[in-house]
Structure formats: structure tokens, C-alpha cells
**Student:** 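Got a structure here, written out as C-alpha cells. Questions coming.
Since this is a predicted model, take the numbers as computed values, not measurements. As the structure lists them, so they are numbered: ligands from 1, and atoms in each ligand from 1.
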Amino acid sequence: MKKKTWRATLFSLAIGLLMLVSACGSTEKVNSGETDSKEKEKLRVVTDAAYAPMESMDGDKIVGFDVDIVDAVLKEAGYDYELVHVGWDPLFVELKSKRADIGISSITIDEDRKQTYDFSLPYFESINKILVPEDSNIQSGADLKGKTVAVQNGTTGQTVAEGILGKNNKDIKKFENNVLAIMELLKGGADAVVADNAVVEEYVKNNPNKKLKVVTDSSFPSEFYGMMLPKGSKIKEDLDKAIKKIVENGTYADTYKKVFGSEPNLQELEK
Ligand code: ARG
């Protein structure tokens, strides 16, 4: 009698164990479905939305070419995300400390930044241009010598201006964002602004009453924008694949036409 009870206990224990194991198994299955979307955690995308038509605030909405591109890329890659206007300097801080996952902000891919950050494939070609009053006698980069130049701090516009006027030259006035640099020009505190072509051209087009013009110096280097990522980011491959895809399927060209009214030069990007 005692033996029988012992056996029964063992038997129910075994059954119990079996049930537990199979329950665990099924939990795992339910979870594995979720693991996929959990790996693809909601991304934090940061920008400095004071650079129209690339990224700017429209009320409390962030709009612009970069906004449309990052949206198309992340949809294609299957990521959920939030886009946040944090400003230019904070953007670098957040990506360095890996608090943010992607910076999209007309960010030029350059050797210096590559030391600290990773970049997606290039998605846009750009060059610095000079914004001056309509009656200015500045006709080239060299003419900036001896003038006061306003730039956004920490941009390639600053690098270009420093290349002409020299580093630490007090005649280079550095601002937290490009809107402030343009305001300095408008109030007569600077003779010129150096910034990306799309941005200065857009400004002149949209503000004819400000009587400004754009000066091109083709000796300025051609630049490419990339999405900036924390070093070692695991999403780079997904982003690159998605960038290629939206170029191939025409989404990129459609977005480009919508914002700039012309066809993009895709060959330059593919190089
Ligand atoms: N392309 C330049 C750079 O990377 C300027 C970018 C400024 N972007 C902005 N959203 N303010 O340095």
C-alpha cells in the first residue's frame, strides 16, 4: 500500500514536470513572436529642426526632406520611431552617449565625425554656399577675407569659413543654429553666412523682401549627408538596405521632387 502511494506520487510529479516543460515551451513560442518586434525597439531619432527645407518646425510638427526620408527608410526597414527636435550640439551628445539611435539633420559625413560616429550610406549631396546682401561685393570664398562671417557652430560651414579666415578668427561668429546666423546677417552684424546650398537657396527664394543673394564658390568641397549613428550601431545594415530600396523603388525621387521641384542626381549618390 505504501509502495503504491509512492509510485502514484512519482507519477503525478512526472506529469507535473511534463506539463511545466510544455508550458514553458509554449510561453517561449508566444514570446518569440514578440522578440522580433522587441529587437526592433522604438528608435529615438534626433534632429536640429532649424534648417529648412531639410528639417524645420511647422507649429509643433517637424517637417522637411530629411523627415520624409527618415520616415520612408524606417518604414521600409520596419522600425517604429519618434523624431525629436533636440538642437545641433545636443544631437551629437545624445548619439555619442547612445541615448539616441539616429541623427538626421543634414549631417555631412566627414572623417572627423567618423572617428566618433557611424554613418548610413550617403543620401544627399551638398555644398556650402555664401549668403550675402544683394548689394554685397563678395563674389567668392576668397572675398570673405577681412569680412565678418556668421556660421552655425560646429558645422562644415564653420570649417569652410575657418579655411579662409583662419581658425579662432574673431570675425567668424558662431551661432547655436543657422536661423540665428541669418538673423545676424540681416541686422548687419555679419557680412555673410556660410551654410549648405539647399538651405541658403531656400531662404533667398522664400524671403525676397530681405534682399539677399547666394554666392557659389565651386572650390568649396562637395559633401554628402548621412544618417549619423552611435559607433557600433546594429541598425546600420538595415538602414543601408532600406536607403537602397527607397532609391530603387522611386520613393526617394518622389520625395526629392516634392521638396526641390527637380529630379535628383542619383549617380552622384551611388558613387
Ligand atoms: N551639413 C552641415 C554639417 O554637417 C550643416 C548641417 C546643419 N544641420 C542643421 N540641421 N542645422 O556640418
Side-chain angles (χ1 to χ4, degrees), residues 44-58 61-71 83-96 100 102-131 141 149-165 167 172-185 190 192-203 206 214 216-218 220-230 255-256 259-260 264 268-269:
R44 178 173 171 85
V45 183
V46 291
T47 191
D48 169 30
Y51 219 56
M54 307 310 287
E55 45 267 332
S56 61
M57 298 304 301
D58 181 6
K61 253 186 87 190
I62 308 173
V63 298
F65 180 78
D66 278 354
V67 177
D68 292 347
I69 291 298
V70 82
D71 183 69
L83 175 64
V84 191
H85 163 59
V86 296
W88 183 245
D89 293 337
L91 175 157
F92 288 83
V93 175
E94 284 209 22
L95 286 162
K96 194 171 175 182
I102 301 177
I104 185 147
S105 209
S106 311
I107 306 172
T108 300
I109 305 172
D110 71 12
E111 286 312 313
D112 227 35
R113 291 173 183 159
K114 273 193 194 164
Q115 308 289 313
T116 315
Y117 308 94
D118 283 345
F119 281 94
S120 71
L121 286 174
Y123 67 88
F124 192 80
E125 191 185 6
S126 170
I127 186 169
N128 273 288
K129 290 202 177 184
I130 309 166
L131 182 66
V149 182
V151 296
Q152 180 179 13
N153 186 47
T155 58
T156 56
Q158 179 184 334
T159 312
V160 165
E162 285 175 348
I164 299 161
L165 286 99
K167 251 192 165 169
I172 302 174
K173 291 188 175 175
K174 293 169 241 169
F175 295 89
E176 184 184 322
N177 66 50
N178 200 59
V179 172
L180 293 172
I182 294 178
M183 274 168 59
E184 189 69 10
L185 174 69
V193 167
V194 179
D196 294 355
N197 61 323
V199 173
V200 292
E201 273 153 12
E202 172 89 355
Y203 190 85
N206 291 343
V214 174
T216 302
D217 185 324
S218 35
F220 289 176
S222 146
E223 305 180 4
F224 290 93
Y225 297 166
M227 294 179 202
M228 201 166 78
L229 315 168
T255 306
Y256 192 99
V259 177
F260 300 105
E268 275 308 314
L269 284 184

**Student:** Can a side-chain donor-acceptor contact be found between Glu162 and Gln158 if the only test is distance below 3.5 angstrom?
**Tutor:**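 Yes, because at least one side-chain N or O of Gln158 sits under 3.5 Å from a partner of the opposite role on Glu162.
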**Student:** Does any N or O in the side chain of Thr47 come within less than 3.5 Å of the main-chain N or O of Ile104, such that one atom is a donor and the other an acceptor?
**Tutor:**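 Such a contact is found between Thr47 side chain and Ile104 backbone.
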**Student:** Could you establish whether Ser106 and ligand 1 come within less than 4.0 Å of each other, counting only heavy atoms on the residue side?
**Tutor:**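 Heavy atoms of Ser106 do come under 4.0 Å of ligand 1.
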**Student:** Taking only heavy atoms of Asp48, which atoms of ligand 1 are found under 4.0 Å from at least one of them?
**Tutor:**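 By the 4.0 Å cutoff, the relevant atoms are 9 (C), 10 (N), 11 (N).
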**Student:** Within the structure, does Glu55 bring an N/O atom to less than 3.5 angstrom of an N/O atom in ligand 1?
**Tutor:**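 Such a contact does occur with ligand 1.
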**Student:** Please check this pair: side chain of Asn197 against backbone of Lys129, looking for a donor-acceptor N/O pair closer than 3.5 Å.
**Tutor:**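 No, because the side chain of Asn197 does not come within donor-acceptor range (under 3.5 Å) of the backbone of Lys129.
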**Student:** Where does Arg113 meet ligand 1, judged by heavy-atom distances below 4.0 Å: at the side chain, the backbone, both, or neither?
**Tutor:**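 Within the 4.0 Å criterion, Arg113 contacts ligand 1 through side-chain atoms alone.
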**Student:** Do Phe65 and Phe124 make the cut of ring centroids closer than 6.0 angstrom?
**Tutor:**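 Aromatic pair counts; centres sit under 6.0 Å.
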**Student:** Under 4.0 Å from a heavy atom of Ile107: give me the atoms of ligand 1 that qualify, with their elements.
**Tutor:**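 Within the 4.0 Å cut-off of Ile107, ligand 1 contributes 4 (O).
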**Student:** Of all the heavy-atom pairs spanning Ile62 and Val84, show the shortest one and how long it is.
**Tutor:**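 Scanning both residues, the minimum pair turns out to be CD1-C, 4.0 Å.
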**Student:** Touching ligand 1 at all, Asn178? Heavy atoms, strictly under 4.0 Å?
**Tutor:**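 Judged by the 4.0 Å heavy-atom criterion, Asn178 does not count as contacting ligand 1.
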**Student:** So is there a nitrogen or oxygen of Tyr225 less than 3.5 Å from a nitrogen or oxygen in ligand 1?
**Tutor:**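 Such a contact does not occur with ligand 1.
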**Student:** Below a 4.0 angstrom heavy-atom separation, can you tell me which part of Thr108, side chain or backbone, both or neither, approaches ligand 1?
**Tutor:**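 Thr108 to ligand 1: contacts from backbone and side chain alike.
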**Student:** Name all residues meeting the ring-ring contact (aromatic ring centres under 6.0 Å, His included) criterion together with Phe92; count only those two or more places apart in sequence or in a different chain, and write none if there are none.
**Tutor:**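 Per chain and number, Phe92 pairs via ring-ring contact (aromatic ring centres under 6.0 Å, His included) with Trp88, Tyr117.
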**Student:** For the side chain to side chain contact (heavy atoms under 4.5 Å, CB included) test, which of Asn178, Asn177, Asp89, Ile172 pairs with Asn153?
**Tutor:**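 Only one option passes, and that is Asp89.
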**Student:** Output the list of atoms in ligand 1 that are nearer than 4.0 Å to some heavy atom of Gln152, sorted by atom number.
**Tutor:**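 Those of ligand 1 that fall under 4.0 Å from Gln152 are 7 (C), 9 (C), 11 (N).
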**Student:** Is the closest side-chain donor-acceptor distance between Ser105 and Tyr51 under 3.5 Å?
**Tutor:**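 Short answer, no.
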**Student:** I'd like to check which ligand 1 atoms, numbered from 1 as shown, lie under 4.0 Å from a non-hydrogen atom of Ser105.
**Tutor:**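 Ligand 1 atoms under the 4.0 Å threshold to Ser105: 6 (C), 7 (C), 8 (N), 9 (C), 10 (N).
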**Student:** Taking N or O atoms only and a 3.5 Å limit, does Thr155 qualify as a polar contact for ligand 1?
**Tutor:**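 In this structure, Thr155 places no N or O atom under 3.5 Å from an N or O of ligand 1.
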**Student:** Is there any N or O on Tyr51 that sits under 3.5 Å from an N or O of ligand 1?
**Tutor:**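 Min N/O separation from ligand 1 is not below 3.5 Å for Tyr51.
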